[in-house]
Each structure stands twice: as structure tokens, then as C-alpha cells.
Amino acid sequence: MVAKLFADHEPESGDRILFPGIGSNAPFIHAVKRWCDKHDAPMPEAVAVELDPVRIDDVEENLEDVDVDVQERDFLESSIPRDLGEFDYIIGNPPYVPVTQLNDGEKEQYGEEFDTAWRRFDLYILFFERGLELLADNGRLVYVTPEKFEYISSGDALRELLTNYHVQEINHIDQDWFPDLKVYPAITVIDATESDRTHIVTRTNEERTVSLPTDGSSWAAPIRGGIDIEDTGVTLSDITVRISAGLATGRDSLFVSDKDDVAPQLIEEGWAYPTVSGKQLRTHDCPYTDDLILCPYDERGNLVSENELGAYGDWAEIHRETLEERSCVQKRNRPWYDWHNAPPMPEMLRPKIVCKDVAKEPEFWGEPEGTVIPRHSVYYIVPKSHIELDNLLTYLNSEEAKKWIEANAQKAYTDHVRIQSEMIEDLPIPKEFAETMQTSLV
Ligand SMILES: C[S@@+](CC[C@H](N)C(=O)[O-])C[C@H]1O[C@@H](n2cnc3c(N)ncnc32)[C@H](O)[C@@H]1O
């Protein structure tokens with residue numbers, strides 16, 4: 001990282017360097033000092049910022065031979081730019097703290113002060129914004145962070161901000177760098193100049209130079225070597241009525257059983273529907289299983305009232321205590337016999353396409369009968385009525401669609417892709433579907 005920091009511009013006397021969040025053994029300060037000694041370059045005037053007083057004590061013991069102004073303060077505090085001034089070099093490993101771990105006061109304060117404090121942001125995203133604010137003209141910033149800012153929707157504002165800079169390089173490094181953390185790390189090199197050419201190094205050591213989108217949209221496709229699906233201007237969302245995760249009951253072990261174990265009255269009175277889980281899609285290689293799920297909704301999607309529950313009511317009464325323990329009842333005041341969330345029955349019980357929500361590689365199955373209730377680990381895609389299910393299925397399982405999904409999906413740990421509606425609804429759709437759509441509109 002230090003070699004990248006000084007690659008195009010060796011430190012000169014009068015240059016300034018900033019170390020945000022230096023940690024207890026100040027690895028970057030030592031590495032910069034070593035680099036300067038080795039290259040016979042002057043150590044730039046150094047400022048380090050660290051919030052944690054215990055780490056500061058350790059650092060000070062650790063830094064006897066380096067001249068650094070170590071400041072115990074919050075790097076995200078609004079007075080920092082005024083107090084610290086500008087820097088020619090900034091290098092660090094910012095804290096990775098998701099918004100869910102911040103208190104309401106912090107969320108509000110960051111929301112007011114940072115353009116990038118957007119949706120489910122993370123402190124490392126704010127460290128980028130603050131660092132860029134402190135970067136002198138022609139300065140360079142090098143951070144190691146999770147790679148997620150490249151493609152998550154909460155990274156939109158940061159990606160937009162970065163269009164005013166030159167993202168010179170993104171180097172995707174091995175997960176083993178942080179053995180205790182479940183992150184895919186990347187080293188990002190940013191110059192305070194303008195250029196749209198970015199050198200990418202992938203985790204498999206492929207290298208290429210790309211232009212990143214300038215409208216804040218995901219960088220996943222150019223970074224991962226996205227494919228060229230002919231741009232017809234039509235996406236999956238244009239030819240579908242619904243794309244969503246399947247349903248959660250809050251206690252599948254109760255609601256779901258083999259059809260032979262379900263009381264005949266429950267089946268006769270229509271409370272039981274075929275169902276499938278993500279795992280079963282793979283093991284059965286189709287959405288049709290022997291499992292039934294008990295459902296207190298009518299086919300229009302209305303929750304049946306308690307006095308009309310019939311055999312379902314008798315079944316639920318036996319399990320009342322367990323049903324009442326579920327968080328949807330305790331915390332969200334849902335009726336005790338209800339599911340975790342309401343199923344959109346009319347849209348869901350239609351011919352559809354299903355896939356696992358997290359998979360090593362995306363794979364889709366048809367559910368042409370339109371009878372199966374997909375469970376939470378299944379994603380379902382309901383095409384508009386004029387779209388041929390089989391054609392769409394063939395396209396979704398094609399190499400080109402697969403590559404697009406792999407390039408655009410968020411990654412789940414251990415190299416799986418996560419199917420999410422906000423990603424898959426943007427899947428470009430080939431001409432033949434676009435033409436069908438035009439015909440149907442006419
Ligand atoms: C991921 S650690 C990196 C430590 C060190 N740079 C390294 O690579 O080992 C992030 C550091 O930032 C510090 N930190 C967290 N929030 C901070 C803030 N708001 N201002 C300054 N430092 C902060 C933490 O105490 C921690 O030392």
C-alpha cells in the first residue's frame with residue numbers, strides 16, 4: 001500500500017501525510033518510515049488521528065523513532081478539516097462499522113454532515129468522504145476497505161462523489177488478509193485529479209483497465225469483467241409482475257410437514273399448499289416436493305379471521321404456545337396464528353420461476369403449475385402473462401445471464417452470489433422479449 005502511495009510521486013520536503021485511525025501498533029506509520037529510509041526520501045510531516053485512548057498510549061510507546069503528531073480525536077468530527085488542513089498523502093485501514101452498530105445520535109449527526117451517509121452506510125464510507133475532503137490538489141489516498149462500496153446501493157453517494165476524483169486502482173486482495181473478518185477486502189488508490197481510467201486487479205489476479213460508471217450506479221460489471229448483453233433498454237422488471245423473496249412463517253418446523261403427516265381435514269378445507277425451500281430446489285432439481293405448508297390466508301391474500309379458521313384453528317390451538325413465542329407475534333403484534341409476513345397470494349400462486357436466494361452459481365427452475373408457495377430461502381419471479389415461461393427460463397439459465405448476475409450480485413461469504421430483487425430486476429433482457437413486449441403493448 002505504501003509503494004502504491006508513493007508510486008508516481010516520491011515524498012519531498014514540505015509534503016504532509018495523514019494516518020486516520022492508526023490502531024495500536026501503527027503499521028502504516030512504520031511502513032512509511034521504512035519506505036522513506038530505504039528510498040532516501042524525507043519522511044513527510046505526519047499527523048495521525050485515533051479515537052481510542054488505549055490505542056493512542058500503545059502507539060506512543062511504539063513510535064519513539066518517528067516524528068508524528070498523534071491526535072486523540074474523532075476523524076469524523078466536523079472541525080477536523082479546519083484543524084488539520086490538507087494532505088499530500090493519506091493512507092489507512094478505516095474502521096468497518098455498519099450503520100446498525102451506530103446509535104441514533106451518531107446516525108443523525110453523520111446523516112447531517114456527510115453526503116455519503118446514505119441508507120445502510122458503513123463508517124469506512126464516511127472515512128473515504130472525510131479523507132477526500134482533506135486531500136490536497138494532486139494528493140493521493142490509499143485505503144484498504146471492504147470491496148462492497150463498489151456495488152451496494154448504499155454506496156451510490158460515494159461512487160458519485162468519486163466521479164470528481166481519479167480512482168486510479170482497485171486491487172482485490174485475498175480474504176486471508178483479515179482472517180477474523182467476513183469481508184472481501186480491496187485496496188483503493190485515489191488521486192485528486194480527474195481521469196476515468198481505473199486499473200483493476202481481480203482476486204484471481206486478472207488485470208484490466210476500465211471506465212467506471214459516472215452516475216453512481218454499480219461498478220460490478222466493469223470491475224468483474226461484465227458481459228455485453230445487447231442493450232435493448234428492457235430489463236427483467238419490465239416483463240415481470242413480481243420479483244421477491246419467498247415467505248417466512250417464523251417457525252417452518254411447525255408450519256411445514258410431509259403431506260403424509262398433515263391431517264386430511266387441513267388438506268380438504270384448503271389450508272395446505274405445496275411448498276419448496278432453497279435447499280430442496282437443489283436436492284429435488286425442481287420446485288415440486290412432498291412438503292405442504294399450512295397457510296391462514298385465503299386465495300385473495302386476506303388473513304382469515306380467527307372464528308373462521310376451521311381445521312387450521314384446531315391445529316393452531318394445539319401449538320398456540322409455540323406460535324405465540326415467535327418474534328412476529330411478540331414484537332410486531334401479528335395475530336398469534338399468522339405468518340411472519342403476509343403472502344401476496346394472487347401474484348405468488350401463478351406460473352413462475354424460482355431460484356435459491358444464495359447459491360454458488362445462479363440456477364433457475366420453472367414452476368408452471370403456479371401452485372407452490374416459495375419459502376424464504378427461495379426467490380420467485382412472476383412473468384407478465386404474455387411472456388413464455390420456458391423462454392424466459394432458458395434465458396435466465398443462459399451463460400450470458402449467469403455472467404451478468406455473477407458480475408452484478410452481492411457476494412455472500414464463501415464465494416456465493418446473493419439474489420436480490422434490486423439487482424435482478426435490472427438484468428437486461430434480449431431483443432426477442434423486448435419485441436414481445438412491444439407487440440403486447442400495441
Ligand atoms: C480497522 S482499525 C485499523 C487499525 C490500523 N490502521 C491497522 O491497520 O491495524 C481502525 C482504527 O480506527 C480507529 N477509529 C475508529 N473510529 C474512529 C474515528 N471516528 N476516528 C478516529 N479513529 C477511529 C479504531 O480505534 C481503530 O484503531
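Sequential numbering from 1 along the given sequence is applied to the chain's residues. This is a predicted model, so every value here is computed, not measured. In listed order, ligands and their atoms are each counted from 1.
In this structure, N138 places its CG atom where only 12 or fewer heavy-atom neighbours from other residues, nucleotides or ligands lie under 6.0 Å away.
Residues in residues 136-145 take part in these salt bridge (Lys or Arg N to Asp or Glu O under 4.0 Å) pairs, two or more places apart or across chains: D8-R140, R140-D191.
E147 and R203 are joined by a salt bridge, as a carboxylate oxygen and a charged side-chain nitrogen come within less than 4.0 angstrom of each other. Between K356 and E363 there is no salt bridge, since none of the side-chain N atoms of the basic residue sits less than 4.0 Å from a carboxylate O of the acidic one.
Under the 3.5 Å distance criterion, with hydrogens and angles disregarded, a donor-acceptor pair is assigned to the side chains of S79 and R73.
The distance between the ring centers of Y151 and W219 does not fall below 6.0 angstrom.
A heavy-atom cutoff of 4.0 Å around ligand 1 is satisfied by the protein residues G21, I22, G23, P27, F28, E50, L51, D52, R55, R73, D74, F75, N93, P94, P95, F127.
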